[in-house]
Protein chains: 2
Amino acid sequence: MASNLSHSAQDYLEAIFLLADREGFARVKNVADHLDVKKPSVVSAIKVLMKKGLVVHQHYGCLELTSEGEELAKEIHRRHQVLFRFLNHILGVRTEVAEADACRLEHHISPQTLELLIKFVEFTETFPERDKTPKWLDYFQKFAATGEAPPCLNDTSGGCGFK
Amino acid sequence: MASNLSHSAQDYLEAIFLLADREGFARVKNVADHLDVKKPSVVSAIKVLMKKGLVVHQHYGCLELTSEGEELAKEIHRRHQVLFRFLNHILGVRTEVAEADACRLEHHISPQTLELLIKFVEFTETFPERDKTPKWLDYFQKFAATGEAPPCLNDTSGGCGFK
DNA sequence: CCGTTAAGTTATCCTAGCCTAACTTTTTTT
DNA sequence: AAAAAAAGTTAGGCTAGGATAACTTAACGG
């Protein structure tokens with residue numbers, strides 16, 4: 001589906017989607033600032049997206065996604081979000097770093113990995129209960145921060161999820 | 001350290017390292033086959049690595065890493081391995097897919113994420129005991145395969161690592 | 001020891017994706 | 001309503017990293 005788009009094209013599509021969503025509109029200038037490129041780069045990238053029927057753009061006007069473009073953008077953004085949540089909420093990567101990594105990694109994940117990552121995030125966010133951190137994750141985070149082994153290692157009575 | 005090497009240069013370096021290790025030698029042909037590129041591409045990539053003092057290469061002869069090149073290659077490969085183990089052993093991504101994903105992802109991970117990923121892999125491989133799968137991971141794998149919630153959700157007595 | 005084949009090399013070309021400079025259109029200010 | 005500023009566009013250039021075609025060197029079998 002998104003497979004015939006280059007990484008950079010995907011970035012542009014996602015940027016248009018996000019800007020339209022957050023600011024109410026997307027323009028060449030916007031997109032350029034968001035992706036930290038110059039305006040002519042945006043213009044030529046958009047030409048590609050227009051040829052593929054993903055974006056419409058009247059001369060000197062706003063950028064809009066076609067419905068197909070929006071579908072795609074959502075899929076791309078979802079990938080980004082899952083990665084971000086994994087990095088930030090589970091691994092504990094700092095927010096800005098996680099954001100930047102997600103941006104780059106999102107282009108290189110296979111569908112199978114994406115699917116399993118989604119499940120993994122869902123698993124940790126859903127069990128034991130939404131908004132509670134699972135014990136094993138607490139233990140990991142402590143281990144990551146201090147090197148401290150999970151307590152049940154010295155607790156042969158079991159029942160801590162680590163046996 | 002590896003930061004002034006392009007992604008592609010890193011791939012070439014890693015390939016030389018692996019081939020030298022596995023086959024006992026690395027040659028242009030080898031590397032080309034391994035990376036699925038043509039020989040001239042290898043030759044020009046190697047020129048870059050030679051200029052950086054990472055590879056030595058006598059005309060029409062074998063490719064060898066300098067000690068600095070080997071350091072770097074090891075670091076790159078370590079990153080690859082960590083990713084692979086996470087994808088394959090923890091998420092459960094199929095071996096070939098995990099291998100391919102690791103190849104691509106290894107270039108896009110920040111040092112912080114790498115470090116945390118290393119700890120995460122270490123955490124799951126070390127606790128409760130080497131060569132035993134932690135309970136929470138069992139539960140995740142079951143959840144991923146069947147959608148089945150971990151049993152302790154219905155078990156309010158706690159003690160399963162999910163409270 | 002010579003010819004064939006395989007490996008390595010060189011020259012040259014191509015594309016993607018960025019850039020700057022210069023120009024046009026639109027919007028805003030006065 | 002004209003000038004100035006801001007946004008958009010076009011033309012053209014550059015680099016990285018691939019490719020092909022044609023050539024050179026090395027290796028090996030008869």
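What you are looking at is a predicted structure, and each value in this text was computed from that prediction instead of being measured. Proteins come first, then strands; the chains are lettered A, B, ... in the order of their sequence lines, and each starts at number 1.
The span of DNA chain D lying next to chain A, judged by atoms under 4.0 Å from heavy atoms, is bounded 5' to 3' by D:dA7 to D:dT10.
Heavy atoms from other residues, nucleotides or ligands lying under 6.0 Å from CD of B:Q112 number more than 12. The environment of CD in A:E99 is crowded: more than 12 heavy-atom neighbours from other residues, nucleotides or ligands sit within 6.0 Å.
Considering B:F123, B:W136, B:F127 as possible partners of A:W136, the one that fulfils the ring-ring contact (aromatic ring centres under 6.0 Å, His included) test is B:W136.
Atom NE2 of A:H107 is separated from atom P of C:dG17 by 11 Å (rounded to the nearest Å). In this structure, the NZ atom of B:K29 is 14 Å from the P atom of C:dT9, given to the nearest Å. In this structure, A:Y60 atom OH and C:dT27 atom P are separated by 12 Å, rounded to whole Å. Between B:Q58 atom CD and C:dA7 atom P there is a gap of 17 Å when expressed in whole angstrom units. A straight line from CG of A:N4 to C1' of C:dA16 spans 16 Å, rounded to a whole angstrom. Atom C1' of nucleotide C:dA7 and atom CD of B:E23 are separated by 16 Å, given to the nearest angstrom.
Here the CD-CG distance, from B:E23 to B:N30, works out to 5.5 Å after rounding to the nearest 0.5 Å. In this structure, B:L65 CG and B:E71 CD are separated by 10.5 Å, a value rounded to the nearest 0.5 Å.
In this structure, the side chains of A:E106 and A:F84 stay at 4.5 Å or more apart for every pair of heavy atoms.
Residues from residues 32-49 of chain A placing a heavy atom under 4.0 Å of any atom in DNA chain D, listed by number, are A:K39, A:P40, A:V43, A:K47.
A:H57 places no side-chain N or O within 3.5 Å of a backbone atom of A:E64 that could act as its donor or acceptor partner.
Screening residues 11-21 of chain B for side-chain hydrogen bond (donor to acceptor under 3.5 Å, both in side chains) gives B:D11-B:H107 as the qualifying pairs, with residues at least two apart or on separate chains.
Comparing A:R27 and A:S8, the nucleotide of DNA chain C nearest to each residue sits closer to the 5' end for A:S8.
Counting any heavy atom pair closer than 4.0 Å across all strands shown, A:H7 reaches no nucleic acid atom.
For B:H59 and C:dT10, the shortest distance from a side-chain N or O to OP1 or OP2 is below 4.0 Å.
Not less than 6.0 angstrom separates the ring centroid of A:F143 from the ring centroid of A:Y139.
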